[in-house]
2 protein chains.
Amino acid sequence: MMADVSADADAPRPAAPPPELGKAARRSASWTIAHTADDGADRPSGSQSIQRALVLLNLVGVLARDRPDGASLAELTRVSGRPKASVHRILVALVAEGYVEQDPDTACYRLGLQAGVLGELAGHRADDLGEASTDSLIRIADSSTDTTFLTVRHGSYGVCTRRQEGPGPIRNYALAVGDRHPLGIGAGSLAILSALSDDDVEDVLASTATTRDHYPGFDDDTLHDLVHRSRQNGYALNDGRVIAGSWALGVAVRDPADRPVAALSVASIAERFDGARRDELAALLHAEARSIRAALTDSQKSRSARGRS
Amino acid sequence: MMADVSADADAPRPAAPPPELGKAARRSASWTIAHTADDGADRPSGSQSIQRALVLLNLVGVLARDRPDGASLAELTRVSGRPKASVHRILVALVAEGYVEQDPDTACYRLGLQAGVLGELAGHRADDLGEASTDSLIRIADSSTDTTFLTVRHGSYGVCTRRQEGPGPIRNYALAVGDRHPLGIGAGSLAILSALSDDDVEDVLASTATTRDHYPGFDDDTLHDLVHRSRQNGYALNDGRVIAGSWALGVAVRDPADRPVAALSVASIAERFDGARRDELAALLHAEARSIRAALTDSQKSRSARGRS
DNA sequence: CCGCAATGGTCCATATTGTGGACCATGGAT
DNA sequence: ATCCATGGTCCACAATATGGACCATTGCGG
């Protein structure tokens with residue numbers, strides 16, 4: 001898997017195998033989203049069809065992100081790993097509710113009206129973290145001249161929720177809004193994991209064990225090692241082991257209760273992460289992480305004050 | 001704002017038939033969203049749980065819109081009309097996927113992380129209509145000094161997808177982003193309906209018959225009459241029959257194939273809709289509707305050109 | 001202080017519901 | 001004409017969601 005990622009495209013595109021290093025190219029390897037349900041060890045509770053539908057919805061969004069005409073049924077089935085009939089049935093339901101729309105010509109699926117509405121409604125809502133972090137993201141992107149990300153913890157996974165392009169010439173396509181990976185995979189994600197207690201780390205690793213089968217080179221031992229190193233350094237470093245050549249550095253963002261709820265990270269090419277610059281970046285990120293925490297404290301206080309009145 | 005609205009649906013209020021005129025008050029009557037599944041006459045196909053889940057998701061978004069701490073389980077069950085256990089089970093699934101989050105203190109539900117992500121992804125996507133209409137909405141709001149809306153057709157229903165506040169002192173809370181009503185109810189919605197062929201009108205009315213039970217005063221005869229009048233006038237007028245005192249005027253927006261896919265509308269109080277101003281507004285809206293259609297034509301052309309290459 | 005009526009949440013037998021392998025139609029490439 | 005991949009449909013089966021009854025808390029009012 002992910003080898004033939006190429007398949008990505010799907011249709012005509014005669015399976016042009018990217019000349020290696022195809023950053024942008026292989027980024028469609030967003031199967032990352034597919035696996036998710038298995039939170040923890042227990043899977044007894046029952047609303048599977050809903051979970052499946054929601055995962056697929058997300059998948060449509062991610063796959064159709066860079067492709068304006070949407071994702072084909074074949075691709076969705078392939079990437080989601082479910083039988084075609086099921087995928088199709090679910091898509092019909094999603095279309096019926098307007099969360100997905102189907103291009104009448106190409107028969108491809110993309111996010112629909114309701115998805116946008118939902119976003120509008122969600123955005124309207126106080127998105128503390130997003131709100132509090134935008135300024136920081138911009139500052140980091142500007143002064144580092146690289147692409148910066150906000151990764152939010154969600155259970156045992158990390159979701160990229162913001163992405164800020166830096167003014168520099170280097171563009172990194174390893175991570176985009178909506179991508180979800182198990183905690184520990186990627187700089188921001190690893191920063192969050194490393195900031196958890198030892199017990200929590202074990203729980204997370206147990207939870208994501210099966211999912212991590214799809215990420216070669218991220219077995220338990222390696223992750224333990226990475227966590228250890230990150231804690232010593234005071235920052236998490238992704239030295240290109242997700243996508244060769246794509247490095248990144250991240251630090252955790254803590255909420256007012258000191259729980260690591262997110263992470264800031266900066267991505268670029270290996271050359272831009274020599275020793276001196278690492279410290280520089282780490283200091284910058286730590287400062288901004290603290291500033292976000294302060295902003296969160298404020299907004300929380302004002303909220304509870306309002307609530308009391 | 002909408003202060004006591006709170007109570008609204010909520011608890012005690014023993015089915016209080018609002019003392020009329022309850023502008024803001026009754027707007028929480030967003031059950032409008034609840035009914036939807038029954039598209040058309042046929043309901044054989046089967047992915048009901050998914051539909052239910054998606055409807056509930058939307059409901060969470062709408063109910064929690066103005067309430068930063070979210071909607072209570074009780075409210076959601078009441079407004080959705082399904083048994084508590086079901087609603088709860090669905091909510092658990094939505095929470096598990098991150099589309100909804102539950103306030104740990106109040107136990108209330110609001111849109112979660114994934115909802116925002118989805119919006120981000122959907123927004124990223126080319127939202128032709130939204131894109132093409134923003135300028136028009138702003139222009140209309142500015143020059144009319146009233147609140148203007150974009151209503152998009154979705155099956156036999158109209159969904160409010162944009163809302164632009166005008167600079168004037170009058171604020172209208174009859175319609176908000178995310179609200180869905182059967183075609184014919186509300187100015188924009190009626191404008192779309194009136195722009196359909198007679199056959200289509202019949203189909204729509206048949207489809208929404210049961211839903212319209214919840215809208216007193218919108219039986220088939222009345223709607224036929226309204227459609228007739230709208231066609232004669234060249235614009236749809238809502239003379240406060242949804243919410244007393246809240247008037248609005250709308251015209252349909254046609255896509256390049258001349259199908260009415262949306263509508264622009266302006267809402268205000270009755271006093272601001274005398275004969276002269278109606279014509280003025282209608283002309284303004286028609287002009288902007290044409291301009292949107294032109295923009296759509298352009299974007300569609302450039303897209304197909306790109307696709308061919 | 002003790003109900004009383006809300007609330008959020010859980011259980012579990014039932015049959016309704018989604019499942020997915022097999023199948024068909026189409027269309028582009030060889 | 002052949003082949004493969006595509007989007008889409010069918011249908012017997014059983015796993016699945018369903019929802020009424022039930023429980024635990026909380027907050028109000030007499």
> Can you name the residues that form a side-chain hydrogen bond (donor to acceptor under 3.5 Å, both in side chains) with B:Y99, not counting sequence neighbours?
Replying inline: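 Listed in chain order: nothing, the list is empty.
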>> Please enumerate all residues that pass side-chain hydrogen bond (donor to acceptor under 3.5 Å, both in side chains) together with A:S49, with sequence neighbours excluded.
In response: B:S49
Between [X] and [N], does any side-chain N or O lie under 4.0 Å from OP1 or OP2?
{"X": "A:R89", "N": "C:dT19", "value": "yes"}
{"X": "B:H88", "N": "C:dG8", "value": "no"}
{"X": "A:R52", "N": "D:dA17", "value": "no"}
{"X": "A:S47", "N": "D:dT16", "value": "no"}

Taking only residues two or more places apart in sequence or in another chain, which ones pass salt bridge (Lys or Arg N to Asp or Glu O under 4.0 Å) with [X]?
{"X": "B:R293", "value": "B:D258"}
{"X": "A:D213", "value": "none"}
{"X": "A:D69", "value": "none"}

Euclidean distance, atom [atom1] of residue [X] to atom [atom2] of [N] [Å, nearest integer]:
{"X": "A:L91", "N": "D:dG7", "atom1": "CG", "atom2": "P", "value": "10 Å"}
{"X": "B:Q48", "N": "D:dA17", "atom1": "CD", "atom2": "P", "value": "13 Å"}
{"X": "B:R82", "N": "D:dG20", "atom1": "CZ", "atom2": "P", "value": "10 Å"}
{"X": "B:D105", "N": "D:dT25", "atom1": "CG", "atom2": "C1'", "value": "16 Å"}
{"X": "A:I90", "N": "D:dT9", "atom1": "CD1", "atom2": "P", "value": "15 Å"}
{"X": "B:L76", "N": "C:dT7", "atom1": "CG", "atom2": "P", "value": "12 Å"}
{"X": "B:L73", "N": "C:dG8", "atom1": "CG", "atom2": "C1'", "value": "6 Å"}
{"X": "B:E75", "N": "C:dG9", "atom1": "CD", "atom2": "C1'", "value": "18 Å"}

Report each atom pair, protein N/O against N/O of nucleotides 21-28 of chain C, whose distance is under 3.5 angstrom.
none

>> On DNA chain D, compare the nucleotides closest to A:S49 and A:Q102; which residue's is nearer the 5' end?
In response: A:Q102
> Are A:L111 and A:L57 close enough, and set up right, to give a side chain to side chain contact (heavy atoms under 4.5 Å, CB included), and what steps lead you there?
Replying inline: CA-CA 8 Å; A:L111 289 186; A:L57 178 58; 3.8 Å; yes
> For residues 201-212 of chain A, which residue pairs qualify under salt bridge (charged side-chain N to carboxylate O under 4.0 Å, His left out), counting only residues two or more places apart or in two chains?
Replying inline: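 Listed by first then second residue: A:R212-A:D220.
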> To the nearest 10 degrees, how far apart in direction are the end axes of the helix from C:dC1-D:dG30 to C:dT30-D:dA1, each fit to five base pairs?
Replying inline: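 So the angle between the two local helix axes works out to 30°.
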>> A:Q114 vs B:L54, test: side chain to side chain contact (heavy atoms under 4.5 Å, CB included). Steps then yes/no.
In response: CA-CA 10 Å; A:Q114 288 294 330; B:L54 293 174; over 6 Å; no
> Out of C:dT7, C:dG20, D:dG7, which has the shortest distance to the side chain of B:A74?
Replying inline: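 Nearest to the side chain of B:A74 among the choices is C:dT7.
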> Mind checking what makes side-chain contact (heavy atoms from CB on, under 4.5 Å) contact with B:V95, not counting sequence neighbours?
Replying inline: B:V100, B:Y109
